[in-house]
Chemist: 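First the structure, which I've put down as structure tokens, then a few questions once you've had a look.
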Amino acid sequence: MKGKVVLAYSGGLDTSVSVNWLKENYNMDVIAALVDCGQPDDLNEVYDRAVSSGVCKAIIIDAKDEFVNDFIFPSIKANLKYEKNYPLATALARPLIVKKLVEVADNEGAEAIAHGCTAKGNDQVRFDVGIRSLNPKLKIIAPLREWNLSREEEIEYAENHGIKINVTKKSPYSIDENLWGRSIECGVLEDPWNEPPEEIYKWTKISKNIGDCEYIELEFENGVPIAIDEEKIPLIKIIEKINKIAGSFGIGRIDMVENRLVGIKSREIYESPAAELLIEAHRQLESLVLDRDLVHYKYLIEEKMAEMIYYGLWFTPLMDCLKKFIEESQKFVSGIIKIKLEYKSFSVIGRKSIYSLYDEKLATYNKEDVFDPKHSESFIKIWGYPYEILGKKGRINGKDMER
Ligand code: ARG
């Protein structure tokens with residue numbers, strides 16, 4: 001009897017050619033599993049493409065709610081961005097896809113999982129490490145890593161084998177999409193000096209003009225967005241709505257060079273209007289309702305979490321602990337944030353909360369002021385002693401001279 005392999009199928013170039021290759025090189029039955037994390041593809045078409053590529057079975061798994069609840073909620077609560085910019089859309093979906101693949105492998109009695117990741121990317125790490133954590137018995141096959149084809153050669157292989165793909169040599173972008181964002185790489189983008197051509201953008205096609213503006217209000221409860229413009233709708237709908245409105249202003253484009261786990265730098269373009277807005281709104285709400293120590297300490301946790309997710313370390317004891325810290329920090333993160341959308345930019349222009357720690361009587365410069373200036377002098381006197389002592393010893397700027 002032939003062995004079975006579950007292939008993480010997306011319908012993209014890499015996974016499409018992998019079906020054929022697995023059959024030719026491993027002589028296994030291929031089960032294509034497509035995990036739906038909110039990518040706007042026509043899933044019926046992708047399903048048909050999988051079936052026509054010669055798999056023995058194709059399965060579509062709707063993981064959208066789980067993606068929102070277990071990955072996007074924590075991302076907002078932890079303001080997650082890798083290297084301060086990338087909202088981690090691709091990276092976040094990987095552990096969920098892995099979890100689903102392992103479930104399919106168990107249900108189908110498969111002995112291996114295959115993925116279409118190349119040897120240069122981060123995704124291979126996320127898949128491999130995730131699979132090994134959840135079921136160390138499974139064999140992992142990465143056709144493109146073993147095979148080592150250039151993208152042109154892959155396209156040629158697909159053409160020669162009659163495999164239907166949605167990429168041409170002229171438009172050679174590698175794209176990954178889910179509810180949280182769209183990642184674009186390859187082609188002319190590989191030269192970091194090249195301006196990204198307008199044609200690469202899909203979620204942020206601009207239909208507004210300079211001078212146009214629009215306001216939106218976002219309401220949060222315990223760190224989670226619950227309403228947009230006073231309309232209480234599920235987060236998935238809020239995300240879709242923001243992507244549409246903010247996207248039409250060209251908001252949410254990110255152009256960055258990032259450090260991959262495999263040691264190289266890569267130039268990547270992201271479109272993530274909802275992630276950009278929601279994280280910034282959430283962060284500004286935290287500035288209003290959380291105390292200074294917590295805000296500052298939380299930065300460290302956030303950065304660590306973002307890095308771990310990027311590095312494929314979702315299924316780890318440390319990640320579980322960090323998530324608990326973040327959860328605990330959100331008890332009072334409830335309130336409303338007002339945002340102004342403009343041509344290619346947005347800003348938070350108002351905030352309010354019943355848990356606000358902002359005390360206008362202490363902050364004001366007018367006559368209602370209750371801040372007693374005489375306390376400041378004594379406070380600074382004591383707080384500044386260590387530095388005054390260093391100054392007296394001449395130990396500033398690395399010098400050592402008694403004054
Ligand atoms: N650089 C990002 C990451 O490692 C995105 C990779 C997305 N892949 C793509 N085909 N554009 O998470």
Side-chain angles (χ1 to χ4, degrees), residues 8-18 34-35 37-41 46 67 71-72 75 80-98 115-130 142-145 149-152 154-155 158 165-168 171-192 194 196-197 199-204 252-272 275-276 279 303 305-314 319:
Y9 188 81
S10 69
L13 176 65
D14 295 337
T15 58
S16 298
V17 298
S18 294
L34 179 101
V35 183
C37 294
Q39 54 273 40
D41 297 325
V46 180
F67 190 47
F71 295 88
I72 296 184
S75 289
L80 291 183
K81 299 227 177 138
Y82 179 65
E83 295 187 339
K84 310 225 182 293
N85 284 305
Y86 165 39
L88 290 162
T90 298
L92 279 166
R94 296 307 180 238
L96 179 55
I97 295 173
V98 164
H115 58 70
C117 305
T118 62
K120 274 195 184 172
N122 299 307
D123 283 336
Q124 53 171 347
V125 184
R126 299 168 186 150
F127 274 100
D128 286 18
V129 173
L144 286 148
R145 197 165 53 193
L149 285 189
S150 69
R151 270 186 84 73
E152 287 90 349
E154 264 185 79
I155 296 170
I165 50 163
N166 52 4
V167 185
T168 61
S171 148
Y173 302 112
S174 166
I175 290 160
D176 181 71
E177 272 177 287
N178 62 46
L179 195 58
W180 206 224
R182 183 166 181 265
S183 314
I184 313 143
E185 54 184 357
C186 300
V188 291
L189 304 172
E190 282 176 358
D191 179 346
N194 285 343
E199 63 176 34
I200 66 164
Y201 297 111
K202 193 169 109 191
W203 294 19
T204 59
R253 295 178 176 182
I254 300 152
D255 177 347
M256 69 188 281
V257 169
E258 69 191 35
N259 289 294
R260 284 194 187 165
L261 180 54
V262 291
I264 58 175
K265 289 187 188 293
S266 71
R267 199 273 189 95
E268 197 92 33
I269 309 291
Y270 301 107
E271 294 181 280
S272 290
E276 289 284 286
I279 290 175
E303 216 148 288
M305 262 179 98
E307 189 185 77
M308 286 180 70
I309 290 167
Y310 191 87
Y311 289 177
L313 302 176
W314 181 263
M319 181 59 76

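Source: prediction; values computed, not measured. When reading the values below, keep in mind they use all heavy atoms of this one structure, side chains included, and skip hydrogens, waters and symmetry mates. Counting starts at 1 for both ligands and their atoms, in listed order.
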Chemist: For atom 1 (N) of ligand 1, which candidate among E258, E177, R260 holds the nearest heavy atom?
Modeler: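 The residue whose heavy atom sits nearest atom 1 (N) of ligand 1 is E258.
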Chemist: Tell me whether Q39 contacts the main-chain N or O of D176 through its side chain, where contact means a donor paired with an acceptor under 3.5 Å.
Modeler: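 No; zero donor-acceptor contacts below 3.5 Å.
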Chemist: What is the closest protein heavy atom to atom 6 (C) of ligand 1, and at what distance does it sit?
Modeler: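 Minimum-distance protein heavy atom for atom 6 (C) of ligand 1 reads E268 OE2, 3.7 Å.
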Chemist: Relative to the heavy atoms of R126, which atoms of ligand 1 are at a distance of less than 4.0 Å?
Modeler: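 Those qualifying, in numeric order: 3 (C), 4 (O), 12 (O).
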Chemist: If you draw the axis of the six-membered ring of Y201, does the NZ or CZ of R253 fall within 45° of it and under 6.0 Å from the ring centre?
Modeler: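 Relative to the ring axis of Y201, which defines the angle, R253 lies inside both limits.
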Chemist: At what distance, to the nearest 0.5 angstrom, does CG of N178 lie from CD1 of I97?
Modeler: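 Output value for this atom pair is 7.5 Å.
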Chemist: Is ligand 1 less than 4.0 angstrom away from at least one heavy atom of Y173?
Modeler: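 The answer is no, since Y173 has no heavy atom less than 4.0 Å from ligand 1.
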Chemist: Looking only at protein heavy atoms, which one is nearest to atom 10 (N) of ligand 1, and how far off is it?
Modeler: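 Nearest neighbour among protein heavy atoms for atom 10 (N) of ligand 1, to 0.1 Å: S174 OG, 2.5 Å.
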Chemist: With atoms numbered from 1 as shown, which atoms in ligand 1 lie under 4.0 angstrom from a non-hydrogen atom of E185?
Modeler: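 Near E185, meaning under 4.0 Å from one of its heavy atoms, ligand 1 has 8 (N), 9 (C), 10 (N), 11 (N).
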Chemist: Is it true that D255 and R267 make a salt bridge, defined as a side-chain N closer than 4.0 Å to a carboxylate O?
Modeler: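 Yes, this pair counts.
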Chemist: Are the side chain of Q124 and the backbone of A119 linked by a donor-acceptor contact shorter than 3.5 Å?
Modeler: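 Yes; at least one donor-acceptor contact below 3.5 Å.
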Chemist: To the nearest 0.1 Å, how far is atom 12 (O) of ligand 1 from its closest protein heavy atom, and which atom is that?
Modeler: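 I find the closest protein heavy atom is Y86 OH, 2.7 Å.
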Chemist: Using a 4.0 Å cut-off to any heavy atom of Y270, which atoms of ligand 1 qualify?
Modeler: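 Numbered from 1, ligand 1 contributes 1 (N), 2 (C), 5 (C).
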Chemist: Using modelled atom types and a 3.5 Å cut-off, is there a donor and acceptor pairing between side-chain atoms of R145 and backbone atoms of C117?
Modeler: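 It does not hold such a pair.
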Chemist: Closer than 4.0 angstrom, basic N to acidic O: yes or no for K81 and E303?
Modeler: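 Not counted as a salt bridge, because no side-chain N and carboxylate O are separated by less than 4.0 Å.
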Chemist: What residue and atom, counting heavy atoms only, is the protein's closest point to atom 4 (O) of ligand 1, and at what distance?
Modeler: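 That would be N122 ND2, 2.8 Å.
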